[in-house]
Structures are given as C-alpha cells and as structure tokens.
Amino acid sequence: LLTLKLALFVGAFLVAASSALVRPSIAAKLLASIEASPGIMHATAAVTAFAGGGLLVAHFDFTSITATLVTLTAIWWAIEGLGLLALGHVLKIASPQSVRLYALSNIPALLIGLFLIIAGILGHAEPTP
C-alpha cells in the first residue's frame with residue numbers, strides 16, 4: 001500500500017517537474033538561476049537530499065518494478081541533493097552541455113513518472129517473478 005501511495009506521489013511530481021524541463025529553453029533558465037544564486041543552490045540541494053533521504057527511510061523496496069522505481073528515484077534524489085550540497089558551488093550547471101543533458105535526462109523522468117502514476121492508480125505493485 002505504501003508503494004502505491006508513493007508511486008502516485010512520486011509519479012505526479014516527476015511528471016509535473018519534468019514536463020517543462022524537457023525543453024532546453026526552460027531548463028537553461030532554471031539552471032542559470034540556480035547557478036547564479038548560492039542560496040537557491042543550497043536550498044534546492046537541501047530539499048532534494050531531504051526528500052530522497054526521507055523516502056529511503058520509509059521505502060527501500062525492490063520487490064516489484066513499481067517499488068524499484070520509487071526506491072531508485074529516492075536514491076537518485078538523495079545522491080543529487082547531497083552532491084549539489086557538497087559541490088554545487090563549483091559546478092558549471094548552466095553550461096550548454098549541462099543544459100542539454102539536463103533536458104534529455106528529464107525524458108526518462110517523465111516516462112517513469114507516467115508509469116508510476118498509472119501503477120499507483122491501478123494498484124499494480126506485485127512482486128516481480
């Protein structure tokens with residue numbers, strides 16, 4: 001039941017966040033604003049690390065595809081957030097290459113989000129064979 005609730009929540013977040021960020025023009029503005037402000041960088045990184053870590057405390061489950069995707073998303077958020085906390089001030093995240101990679105990385109996030117929403121709504125989190 002927890003997996004299904006988290007699948008719906010994480011899926012909705014991924015779809016909402018990534019649907020605009022697949023466009024490089026929007027991703028560029030976001031990354032430039034984060035890079036230009038150490039405070040925004042730190043706050044964004046802290047929230048991301050906290051969200052990922054919190055999810056991992058509550059949900060560390062690889063018994064189904066849905067559970068695995070929720071857990072892997074949480075791991076990704078924790079690593080991304082902790083990495084930005086530690087190194088964000090030295091990264092050039094608004095470079096053209098970073099913007100392109102960031103925009104492209106939101107395509108799988110969007111697809112995973114759609115899958116998680118459908119799985120959460122349909123109640124599909126059976127153990128994998």
Side-chain angles (χ1 to χ4, degrees):
L1 187 61
L2 177 62
T3 293
L4 295 176
K5 289 180 180 180
L6 289 174
L8 197 52
F9 172 75
V10 170
F13 179 86
L14 287 173
V15 168
S18 64
S19 61
L21 297 174
V22 296
R23 297 187 349 218
S25 61
I26 293 174
K29 291 176 184 174
L30 173 74
L31 294 176
S33 69
I34 291 172
E35 186 177 315
S37 173
I40 291 174
M41 170 76 76
H42 191 82
T44 301
V47 169
T48 304
F50 187 77
L55 278 173
L56 287 174
V57 167
H59 189 277
F60 194 83
D61 185 354
F62 295 94
T63 60
S64 70
I65 293 170
T66 303
T68 298
L69 289 174
V70 169
T71 300
L72 290 175
T73 299
I75 290 169
W76 174 255
W77 288 346
I79 291 170
E80 179 182 26
L82 292 172
L84 285 175
L85 279 171
L87 302 170
H89 62 286
V90 298
L91 297 176
K92 297 298 177 200
I93 64 170
S95 71
Q97 298 84 2
S98 294
V99 168
R100 184 172 181 276
L101 180 61
Y102 187 71
L104 288 173
S105 73
N106 276 283
I107 294 170
L110 181 62
L111 297 174
I112 290 168
L114 288 171
F115 175 87
L116 290 175
I117 289 171
I118 292 167
I121 289 171
L122 297 179
H124 184 69
E126 289 112 29
T128 50

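Side chains included, hydrogens not; waters and symmetry mates left out as well; all remaining heavy atoms used.
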Distance from [X] atom [atom1] to [Y] atom [atom2], nearest 0.5 Å?
| X | Y | atom1 | atom2 | answer |
| --- | --- | --- | --- | --- |
| I65 | L72 | CD1 | CG | 11.5 Å |
| L6 | L1 | CG | CG | 9.5 Å |
| F50 | L55 | CZ | CG | 10.0 Å |
| L87 | L82 | CG | CG | 10.5 Å |
| L111 | L116 | CG | CG | 11.0 Å |
| I107 | I112 | CD1 | CD1 | 12.0 Å |

If you look only at distance, which donor and acceptor atoms sit under 3.5 Å apart when one is on a side chain in residues 28-37 and the other is two or more places apart or in another chain?
unit_1: S33; atom_1: OG; unit_2: K29; atom_2: O; d: 3.4
unit_1: S33; atom_1: OG; unit_2: L30; atom_2: O; d: 2.8
unit_1: E35; atom_1: OE1; unit_2: I93; atom_2: N; d: 3.0
unit_1: E35; atom_1: OE1; unit_2: A94; atom_2: N; d: 2.6
unit_1: S37; atom_1: OG; unit_2: I40; atom_2: N; d: 3.2

Could you tell me if the side chain of [Y] sits less than 4.5 Å from the side chain of [X], heavy atoms only?
| X | Y | answer |
| --- | --- | --- |
| I75 | F60 | yes |
| L110 | L14 | no |
| L69 | V10 | no |

Heavy-atom pair of closest approach, residues [X] and [Y]:
| X | Y | answer |
| --- | --- | --- |
| L85 | A49 | CD1-CB, 4.3 Å |
| W77 | G52 | CB-CA, 3.8 Å |
| G88 | M41 | O-CE, 3.3 Å |
| T68 | F62 | OG1-CA, 3.4 Å |
| L4 | A119 | CD2-O, 3.6 Å |

### Query
How far apart are the C-alpha atoms of F13 and T73, what are their side-chain angles, what is the distance that settles it, and do they pass the side-chain contact (heavy atoms from CB on, under 4.5 Å) test?
CA-CA 11 Å; F13 179 86; T73 299; over 6 Å; no

### Message
Counting neighbours of CZ on F9 that are heavy atoms of other residues, nucleotides or ligands and sit closer than 6.0 Å, is the number greater than 12?
### Response
no

Applying a strict under-4.5 Å side-chain criterion to I, L, V, M, F, W and Y, I'd like to know whether [X] and [Y] cluster together.
| X | Y | value |
| --- | --- | --- |
| L56 | I79 | yes |
| V90 | Y102 | yes |
| V22 | V15 | no |

### Task
Taking side chain to side chain contact (heavy atoms under 4.5 Å, CB included) as the test, write out the residues that go with L8, two or more places apart.
I117, I121

### Query
Please, which pairs that meet side chain to side chain donor-acceptor pair (under 3.5 Å) have at least one residue in residues 38-59, sequence neighbours excluded?
T3-H59, H59-T71

